[in-house]
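Only one structure is covered here, and it is reproduced in the block below.
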Amino acid sequence: MLLSHAFVPTLKETPSEAQIASHRLMLRAGLVRQTSAGIYAWLPMGLRVLRHIEQIVREEQDAIGAQELLMPTIQPAELWRESGRYDDYGKEMLRITDRHDREMLFGPTNEEMITDLMRQGAKSYRDLPQVLYHIQWKFRDEVRPRFGVMRGREFLMKDAYSFDIDYAGAVRSYRQMMLAYMRTFQRMGLKAIPMVADTGPIGGDLSHEFIILAPTGESQVYYDASFEEIDYQGGGCSHKSDEDLQRFYDLMTSQYATTDEKHNLINWEKIPADRRREGRGIEVGHIFYFGTKYSKAMGLAVAGHDGKQLIPEMGSYGIGISRLVGAIIEASHDAAGIIWPDAVAPYKASILNLRVGDAACGKICDTLYTALRGQAVYDDRDARAGEKFADADLMGLPWQIIVGPRGAANGVVELKRRVTGERLELSVDAALIRIG
RNA sequence: CGGGGCGUGGCGCAGUCUGGUUAGCGCGCGUGUUUUGGGUACACGAGGCCGCCGGUUCGAAUCCGGCCGCCCCGACCA
């Protein structure tokens, strides 16, 4: 992307409405613009991040055999009347009337709709288990939207739904999903901790929140540092093996991890002091098992082995995709700007031409830009070096390739790693290899 | 939904209490010169229905009434 032609409206000053770091930086780096309270337009740079996060989530969902579909944003009120939630949901639900006076709503979640689809399609135990997910915009008319994209009214969410013929199957689906979540967050460069969540009226222990750590998080959390050392991607952690799943689940649930409401000093102090971690956390995902709540209410039943009808056991599993963009920035920024983890960065590198018009600089930049094929932002603007440095740090791409007249004459560029600030003088080829 | 605050060029603000030439400042933007490795300097310039509607007044950004929008704290949530 040529910065001279790109719509990346960076701001030197912070709009007054933005209070927290991620919100300020998203506005300043030209990622989003607010259009109403809690509703944002995603500008080109921000959209790329959103897409990258979405893609990692998609790949990890697919990897455990979940199937993607896409349900509409607008839903008929009748479905929600069937589950009883039309009246229960309250003012958070955005209700809409169409021209025929039909009652509609902008979906805050999709349990009813997916249950409806499943009852149309699944007739026998042979049709189960099924895990379906979609990545779709949701709307919850929060009383008080805040923190930019982290607490918006309109938000992009991955929500998955599992259907199993019995409790054991539901538990298996639940654990597979938990594994997928840990892999997902790890791939994004995040430290995510699963914590037992309140299950509400359903009870049981099958509900976990996934919290990532950031200084400005909404709640205080405590956990055992050993969470940070686990590799979820490797072998011995297959979602297909019940033994692996059991071992994984035991590992997740045996270590201390809790929010301050459930913090227990006695158990906390059993952990060796050097492994105690505490900090602020942001919830980025939530999974829970809810049994037959919707299947029963909405008449989803399939024929069992014995020919009798059985009511499938369900679970649902959310990841706040748009929230993650803000959450990642909360967890990864400094005074100068965003520090994107490689996996979700909008581009790999910024190429800074410090002397536009200089033949040697131009030639090297062109070479770099071509070699990086769509993975770089080329700052070819006719602007001062200082402005380019400031914007590059603000945008936070993992690498900066600084091309100035001094080095260019000798075929040398400077490679800066955003996260460490470390700089190296290298040949063009060596820099490209380094970036990978 | 309770409490508080704010709406003035793209962004940040002053001016409002105490009504009165042409509504100001910094940044950004445009042109020129200058500078050339961390937002350079100078000059010139463009850009405003002072959130909206109504009222008071000879006269309203400023006073009064209503409405709308946005932010912050709390209760609530992916």
Side-chain angles (χ1 to χ4, degrees), chain A residues 7 9-20 23-24 27-28 30 33-40 53 57 89-93 107-111 133 135-160 181 192 197-198 200 207-212 218-219 281-288 316-327 335-337 352-358 361 379 381-394 400-408 412-414 416 421 423 425:
Chain A
F7 187 61
T10 57
L11 262 25
K12 204 165 166 179
E13 286 175 282
T14 305
S16 60
E17 77 258 21
Q19 301 296 319
I20 63 161
H23 193 193
R24 285 200 304 266
L27 257 17
R28 286 193 52 213
R33 284 293 181 265
Q34 179 167 317
T35 62
S36 313
I39 303 179
Y40 292 83
I53 292 173
V57 170
Y89 219 90
K91 301 189 93 170
E92 280 202 342
M93 179 186 279
T109 175
N110 287 68
E111 279 84 4
Y133 74 97
I135 295 173
Q136 178 63 291
W137 292 92
K138 307 283 192 292
F139 195 91
R140 290 183 195 169
D141 200 357
E142 298 280 346
V143 214
R144 192 184 157 212
R146 66 185 115 170
F147 306 146
V149 112
M150 289 212 294
R151 184 78 184 279
R153 292 193 292 172
E154 189 180 62
F155 55 97
L156 187 61
M157 178 171 157
K158 184 284 302 182
D159 42 323
Y181 273 39
D198 192 12
S207 178
H208 286 85
E209 289 177 354
F210 294 79
I211 307 266
I212 67 164
E218 59 218 323
S219 50
I282 300 170
E283 183 184 349
V284 292
H286 198 160
I287 61 178
F288 52 95
S316 73
Y317 315 90
I319 291 181
I321 308 259
S322 49
R323 167 179 280 195
L324 268 166
V325 180
L352 310 195
N353 186 342
L354 297 191
R355 181 90 50 95
V356 171
D358 178 272
C361 287
D379 192 344
R381 295 174 301 174
D382 183 17
R384 309 206 76 236
E387 185 176 346
K388 296 192 178 195
F389 287 131
D391 271 349
D393 284 346
L394 175 62
Q400 293 171 19
I401 314 173
I402 299 156
V403 183
R406 278 202 312 255
V412 171
V413 299
E414 190 174 316
K416 174 179 162 184
R423 296 152 178 268
E425 299 231 324

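First the proteins, then the strands, lettered A, B, ... as listed; each starts at 1.
Look at A:Gln34 and you'll find a side-chain N or O under 4.0 angstrom from OP1 or OP2 of B:C71. Between B:G39 and A:Lys12, no contact under 4.0 Å exists linking OP1 or OP2 to a side-chain N or O. Under 4.0 angstrom from either OP1 or OP2 of B:C71 there lies no side-chain N or O belonging to A:Ser16. Listed pair A:Lys91 / B:C1 meets the phosphate criterion, a side-chain N or O lying under 4.0 Å from OP1 or OP2.
Side chain of A:Asp393, nearest nucleotide from B:G38, B:C72, B:G37: B:G38. Each of B:A75, B:G12, B:C77 was ranked by its minimum atom distance to the side chain of A:Val143; first place goes to B:A75. For A:Arg384, the listed nucleotide lying nearest its side chain is B:U40; candidates were B:C76, B:U40, B:G12. Side-chain proximity of A:Phe155 to the nucleotides B:C71, B:A78, B:G37 is greatest for B:A78. In this structure, of B:C77, B:G37, B:C72, it is B:C72 that holds the atom nearest to the side chain of A:Arg146. Set against B:G12, B:A78, B:G37, the side chain of A:Glu17 has B:G12 as its closest nucleotide. For A:Ala37, whose side chain is taken as the heavy atoms from C-beta onward, the closest listed nucleotide among B:G12, B:C70, B:C72 is B:C70. Considering only the side chain of A:Arg144, B:C73 comes nearest among B:C71, B:C73, B:G39.
Distance A:Phe7 CZ to B:C29 C1': 14 Å, rounded to the nearest Å. Note: CD (A:Gln136) to P (B:A78) measures 19 Å, nearest angstrom. In this structure, the CG atom of A:Asp391 is 13 Å from the P atom of B:G39, given to the nearest Å. Separating the CZ atom of A:Arg28 from the P atom of B:G39 is a distance of 14 Å, rounded to the nearest angstrom. Atom CZ in A:Phe147 sits roughly 15 Å away from atom P in B:A78 (whole-Å rounding). A straight line from CG of A:Leu394 to P of B:C11 spans 17 Å, rounded to a whole angstrom. Distance NE2 (A:His23) to P (B:C11): 13 Å, rounded to an integer number of Å. One atom, CG of A:Asp141, and another, P of B:C1, lie 10 Å apart when rounded to the nearest Å.
Checked by distance alone, A:Glu387 brings a side-chain donor or acceptor within 3.5 Å of a matching partner on the base of B:G39. With hydrogens and angles ignored, a donor-acceptor pair closer than 3.5 Å exists between the side chain of A:Arg151 and the base of B:C77.
Residue-level contact check: A:Ile402 touches the bases, meaning some heavy atom is under 4.0 Å from a base atom. In this structure, A:Gly90 reaches neither bases nor backbone, as no heavy-atom distance under 4.0 Å exists between it and the strands shown. A:Lys388 comes within 4.0 angstrom of no nucleic acid atom, judged by non-hydrogen atoms across all strands. Nucleic acid contact class of A:Leu354 (heavy atoms, under 4.0 Å, all strands): base. As judged by a 4.0 angstrom heavy-atom cut-off over every strand, A:Gly404 is placed among the base-contacting residues. Counting non-hydrogen atoms under 4.0 angstrom, A:Glu13 reaches a base of the nucleic acid. At the heavy-atom level, A:Ser322 lies nowhere under 4.0 Å from the strands shown. Here A:Thr109 lies out of heavy-atom contact (under 4.0 Å) with every strand.
Salt-bridge check for A:Asp393 with A:Lys388: failed, with every basic side-chain N at 4.0 Å or more from each acidic carboxylate O. Ion pairing between A:Glu414 and A:Arg423 holds under the 4.0 Å rule for side-chain N and carboxylate O. The existence of a salt bridge linking A:Glu154 and A:Lys138 is excluded, since no basic side-chain nitrogen approaches an acidic carboxylate oxygen closer than 4.0 Å.
Comparing A:Val149 and A:Pro15, the nucleotide of RNA chain B nearest to each residue sits closer to the 5' end for A:Pro15. Between A:Glu218 and A:Arg423, the residue anchored closer to the 5' end of RNA chain B is A:Arg423, taking for each the nucleotide with the nearest heavy atom.
The base-pairing partner of B:U18, taking Watson-Crick or G-U wobble contacts with both distances under 3.5 Å, does not exist among the strands shown. Nucleotide B:G65 forms a Watson-Crick or G-U wobble pair with B:C53, both donor-acceptor distances falling under 3.5 Å. For B:G74, the paired base is B:C1 (Watson-Crick or G-U wobble, both distances below 3.5 Å). When Watson-Crick and G-U wobble pairs are counted only if both distances are under 3.5 Å, B:G28 pairs with no nucleotide at all.
Here, B:C64 and B:G5 have their P atoms 15 Å apart, quoted to the whole Å. B:C52 and B:G47: their C1' atoms are spaced 22 Å apart (whole Å). Across B:C49 and B:A61, the matching C1' atoms stand 12 Å from one another, rounded to whole Å. As rounded to the nearest Å, B:C63 and B:U16 have P atoms that lie 9 Å from one another. Between B:U8 and B:A23, the two C1' atoms lie 8 Å apart (nearest whole Å). Taking atom P on both B:C67 and B:G28, the two are 41 Å apart, rounded to the nearest angstrom. Straight-line distance between the C1' atoms of B:U31 and B:C11: roughly 22 Å, to the nearest whole Å. As rounded to the nearest Å, B:G4 and B:G48 have P atoms that lie 37 Å from one another.
Residues A:Ile212 and A:Ala327 come closest through the heavy atom pair CD1-CB, 3.6 Å. Across every non-hydrogen atom of A:Val149 and A:Gly326, the tightest pair is CG1-N, 3.8 Å.
Ring centers of A:Phe210 and A:His208: at least 6.0 Å apart, outside the cut-off.
The distance from the CD1 atom of A:Ile287 to the CG atom of A:Asp159 is 14.0 Å, given to the nearest 0.5 Å. Atoms NZ and CG, from A:Lys416 and A:Leu352 in turn, are 9.0 Å apart once rounded to the nearest 0.5 Å.
A:Thr14 and A:His23 share no donor-acceptor pair across their side chains, judged by distance under 3.5 Å alone.
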